[in-house]
Amino acid sequence: MTAPTVEPNTAVVGLQWGDEGKGKIIDLLAGRFAAVVRYNGGANAGHSVVINGQRHALHLVPSGVFHKGVRAVIGNGVVIDPVALVKELDQLASAGADLSSLAISSRAHLVLDYHKTEDALRETLLSKGAGSDPDNTVTTDRSIGTTRRGIGPAYSDKAARSSAIRVGDLLHPDRLRRKIREVCEFKNRLFRALDDGATPLSADAIYESVTAAGARLKPFITDTAYLLHDLVQQKRPILFEGANATLLDVDHGTFPYVTSSTTCALGIPAGAGVPPRALQRTIGVMKAYSTRVGGGPFPTELLDDTGHRIRERGREYGTTTGRPRRCGWLDLVATRYSVMLNGCDAVAIMLLDVLAGFDELRICTAYEIDGERTDRFTPDADDLARARPVYESLPGFKEEIAHAKARAELPANARKYVERIESFIGAPASIISVGPDRAQTITT
Ligand code: GDP
Ligand code: IMO
Ligand code: MG
């Protein structure tokens with residue numbers, strides 16, 4: 001008898017601007033792993049999992065939580081809103097998830113209400129053009145379009161060190177109280193400088209709400225780096241769940257229209273506390289078209305009926321904020337860049353069903369920037385804003401494909417579309433998704 005094959009430690013990361021369907025892929029694969037680990041981001045993420053027609057939205061808890069016996073690990077690189085996490089745990093418990101497998105890193109940083117206040121304050125100031133001109137005569141909207149979940153300010157505090165509070169502090173009431181007092185003193189000065197009418201923070205009120213949430217989270221708090229190293233030692237496989245996506249990466253994305261963490265696979269060692277060699281396979285998740293939420297350049301954006309049709313067919317409204325997502329043709333220049341950065345072994349092509357019924361499908365295979373043609377992505381937001389997409393046109397497919405179970409069952413033009421993607425990005429599509437449900441998946 002041959003021993004069952006053990007999965008390699010695998011990363012699942014988004015290759016575009018988020019919402020590619022990472023949650024669905026994680027849920028699909030999780031049962032074969034000992035643990036599913038979030039290594040970056042916070043409650044700005046919204047990962048949907050659909051099981052037997054029942055939709056679940058996950059923000060902080062790994063999307064593998066619906067598989068009994070699989071550890072659900074929130075790593076040190078995540079920023080955790082403790083109140084939001086408790087709410088999510090309550091929702092998951094009532095949906096029947098077994099939460100005993102949860103582990104939360106003591107080294108993860110907390111997102112508290114004042115981070116959300118600061119996020120909103122910055123966005124409001126930027127939307128009025130603040131800082132765009134020394135004389136303040138320019139009123140261009142410079143806001144990022146954040147989810148206002150406090151992500152940027154929480155990572156800023158982590159990097160600044162002095163005003164940061166970590167999950168581990170929840171285990172030490174005296175230390176927690178002292179830190180909250182110090183932070184409030186500092187933030188009150190900051191908020192007053194930014195906004196004359198700012199309501200002062202109450203250290204006591206924050207301490208109470210954090211302590212209440214902390215009491216609930218306490219049993220799950222641990223050193224997750226050791227937990228993961230033990231699994232590596234035992235050769236038990238780990239699945240790493242990317243949040244946000246590569247083009248939103250703070251270093252490699254379309255800065256400054258990005259989030260504040262290392263979203264791509266390069267963030268896994270630091271955000272989970274495992275050595276780079278522990279990662280053995282990377283699967284990139286991409287939509288069959290492009291979407292983006294919030295501000296920033298988007299060369300293939302469609303502001304016409306086609307964009308509208310994609311939005312409605314794909315139900316492209318945010319899982320976290322409910323905002324309509326900006327929609328456009330597939331940008332293979334951008335996607336190939338993400339495949340390169342992550343070192344993807346394979347990709348999952350999602351939402352192919354949404355493209356049924358279009359006469360023509362366009363894919364962007366180069367940009368023209370200031371009259372120069374290039375097939376290399378530029379993550380510089382100013383340059384990318386000037387990029388004009390150069391399209392290849394492929395014939396569309398008429399038939400609905402939501403019930404296709406194998407690649408051979410797809411219409412010939414849908415297969416050609418997938419094959420063109422594979423040849424351009426240089427990676428095989430090991431998964432093709434034709435609907436939100438677990439069952440609507442073709443593995444090749
Ligand atoms: P994530 O943030 O990458 O996990 O993606 P989201 O969950 O935010 O957004 C993806 C959306 O597409 C969700 O509503 C999914 O249920 C849905 N979805 C995933 N795969 C498919 C698919 O193949 N077809 C369709 N029509 N919907 C899909
Ligand atoms: P998932 O994991 C789509 C975007 C926001 C905004 C920018 C910065 O569901 O794919 P932030 O609140 O992080 O400071 O916002 O990043 N953004 C996402 N867009 N999906 C996400 O996550 C996102 N996470 C952040 O819309 O433009
Ligand atoms: Mg999402």
Side-chain angles (χ1 to χ4, degrees), residues 12-28 38 40-51 53-60 62-63 78-79 81 111 115-116 118-120 122-123 143-156 241-250 253-261 263 284-289 291-298 310 312-323 325-326 348-356 381 400-402 404 431-442:
V12 169
V13 292
L15 298 180
Q16 296 156 317
W17 282 283
D19 305 323
E20 295 89 352
K22 299 176 288 293
K24 167 169 170 168
I25 297 301
I26 292 284
D27 171 63
L28 201 70
R38 275 278 304 269
N40 79 294
N44 53 350
H47 296 179
S48 324
V49 172
V50 182
I51 306 165
Q54 178 84 30
R55 181 171 283 273
H56 308 275
L58 296 126
H59 300 285
L60 283 159
S63 306
V78 177
V79 286
D81 177 339
V111 181
H115 291 121
K116 289 182 258 182
E118 191 177 328
D119 197 350
R122 279 175 179 272
E123 282 288 273
S143 60
I144 295 167
T146 72
T147 58
R148 301 196 175 205
R149 296 297 188 270
I151 305 300
Y155 278 115
S156 300
E241 174 174 359
N244 328 123
T246 303
L247 301 178
L248 293 172
D249 185 282
V250 69
T254 52
F255 193 88
Y257 297 97
V258 294
T259 188
S260 305
S261 65
T263 56
V285 187
M286 57 180 284
K287 284 181 175 170
Y289 48 91
T291 64
R292 174 163 208 170
V293 199
F298 181 3
I310 292 176
E312 293 312 307
R313 276 188 62 86
R315 306 205 324 183
E316 293 293 358
Y317 295 88
T319 310
T320 297
T321 60
R323 289 179 288 178
R325 295 175 182 147
R326 300 158 66 191
I349 299 178
M350 313 300 290
L351 295 110
L352 186 63
D353 53 301
V354 173
L355 294 184
E400 293 294 344
I401 57 170
I431 298 173
I432 300 168
S433 176
V434 293
D437 206 277
R438 266 183 188 173
Q440 293 173 293
T441 314
I442 298 169

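These numbers were taken from a predicted model, which means no experiment stands behind them. Ligands are counted one by one from 1 in listed order, and the atoms in each one are counted from 1 as well.
Taking all atoms of both residues into account, the shortest heavy-atom contact from R148 to A120 is NH1-CB, 3.7 Å. Of all the heavy atoms in Y257 and R292, the pair that sits closest is O-NH2, 2.7 Å. Considering all non-hydrogen atoms of both residues, L248 and W17 come closest at CD1-O, 3.3 Å. Of all heavy-atom pairs spanning I310 and V354, the tightest one is O-CG1, 3.9 Å. Of all non-hydrogen atoms in G242 and H47, the two that sit nearest each other are O-CE1, 3.4 Å. Closest heavy-atom contact between D353 and R313: O-NH2, 2.8 Å.
Proximity of T319 to ligand 2 is not established, as no heavy-atom distance is less than 4.0 Å. Close to ligand 1: M350, with a non-hydrogen atom less than 4.0 angstrom away. Heavy-atom separations between G46 and ligand 2 include at least one value shorter than 4.0 Å. Heavy-atom separations between R325 and ligand 1 include at least one value shorter than 4.0 Å. The shell of residues lying under 4.0 angstrom from ligand 2, judged by heavy atoms, excludes R292.
Between L58, T263, L248, it is L248 that holds the heavy atom closest to atom 4 (C) of ligand 2.
The distance criterion of under 3.5 Å between nitrogen or oxygen atoms is met by T319 with respect to ligand 1. Here's the thing with T147: one of its N/O atoms is less than 3.5 angstrom from an N/O atom of ligand 2. When only interatomic distances are considered, the shortest N/O to N/O separation between V354 and ligand 1 does not fall below 3.5 Å. Residue D119 has no nitrogen or oxygen atom sitting less than 3.5 Å from a nitrogen or oxygen atom of ligand 2, judged on distance alone. Ligand 2 has no nitrogen or oxygen under 3.5 angstrom from a nitrogen or oxygen of R149. Where the criterion is an N or O separation shorter than 3.5 Å, residue side chain and backbone included, V293 meets it with respect to ligand 2. Polar contact check, R323 against ligand 2: a nitrogen or oxygen pair lies under 3.5 Å apart. Of the N or O atoms in A45, none lie within a sub-3.5 Å distance of an N or O in ligand 2. The N/O atoms of S433, backbone and side chain alike, include one that comes under 3.5 Å of an N/O atom in ligand 1. Between N244 and ligand 2, at least one pair of N/O atoms sits closer than 3.5 Å. For ligand 1, one of its N or O atoms has an N or O atom of G435 under 3.5 Å away.
With a 4.0 Å heavy-atom cut-off, ligand 2 is reached by the side chain of H47 but not by its N, CA, C or O. With a heavy-atom cut-off of 4.0 Å, V285 does not touch ligand 1 at all. Only side-chain heavy atoms of R55 come within less than 4.0 Å of ligand 1; its backbone N, CA, C and O stay farther off. Within the 4.0 Å heavy-atom criterion, the part of V258 lying near ligand 2 is the backbone and not the side chain. At a heavy-atom cutoff of 4.0 Å, ligand 1 is contacted by both the backbone and the side chain of L351. Contact annotation for Y257 and ligand 2: no heavy atom of the residue comes within less than 4.0 Å of the ligand. Counting heavy atoms under 4.0 Å from ligand 1, residue K22 touches it through both backbone and side chain.
The single protein non-hydrogen atom nearest to atom 20 (N) of ligand 2 is D19 OD1, 3.1 Å, given as residue, atom name and distance. Protein heavy atom closest to atom 6 (P) of ligand 1, with residue, atom name and distance, is G46 O, 3.6 Å. Of the protein's non-hydrogen atoms, the one nearest atom 4 (O) of ligand 1 is G23 N, 2.8 Å. Residue, atom and distance of the protein heavy atom nearest to atom 26 (N) of ligand 1 are D353 OD2, 2.8 Å. Ranking the protein heavy atoms by distance from atom 17 (C) of ligand 1 puts P436 CB, 4.2 Å first. The protein non-hydrogen atom at the shortest distance from atom 5 (C) of ligand 2 is G145 O, 3.6 Å. Among all non-hydrogen protein atoms, the one lying nearest atom 10 (C) of ligand 1 is D19 O, 3.6 Å. Protein heavy atom nearest atom 7 (O) of ligand 1, with residue, atom name and distance: S48 OG, 2.6 Å.
Inclusion of G18 in the first shell of the Mg ion (ligand 3) is not supported: no N, O or S atom falls under 2.8 Å.
One finds no salt bridge joining R149 and D81 here, because no Lys/Arg side-chain nitrogen approaches an Asp/Glu carboxylate oxygen to under 4.0 Å.
V285 pairs with exactly one of Q16, K24, K22 by the side-chain contact (heavy atoms from CB on, under 4.5 Å) rule, that one being K22.
Within a 6.0 Å radius of CZ in R323, other residues, nucleotides and ligands contribute more than 12 heavy atoms. Atom CZ of R122 sits in a sparse spot, with 12 or fewer heavy atoms from other residues, nucleotides or ligands closer than 6.0 Å.
Residue-ligand proximity, A243 to ligand 2, at heavy-atom distances under 4.0 Å covers atoms 2 (O).
Within D19, the N, O or S atom at minimum distance from the Mg ion (ligand 3) carries the name OD1.
Residues T146 and I151 form no side-chain contact, since every pair of their non-hydrogen atoms from C-beta on lies 4.5 Å or further apart.
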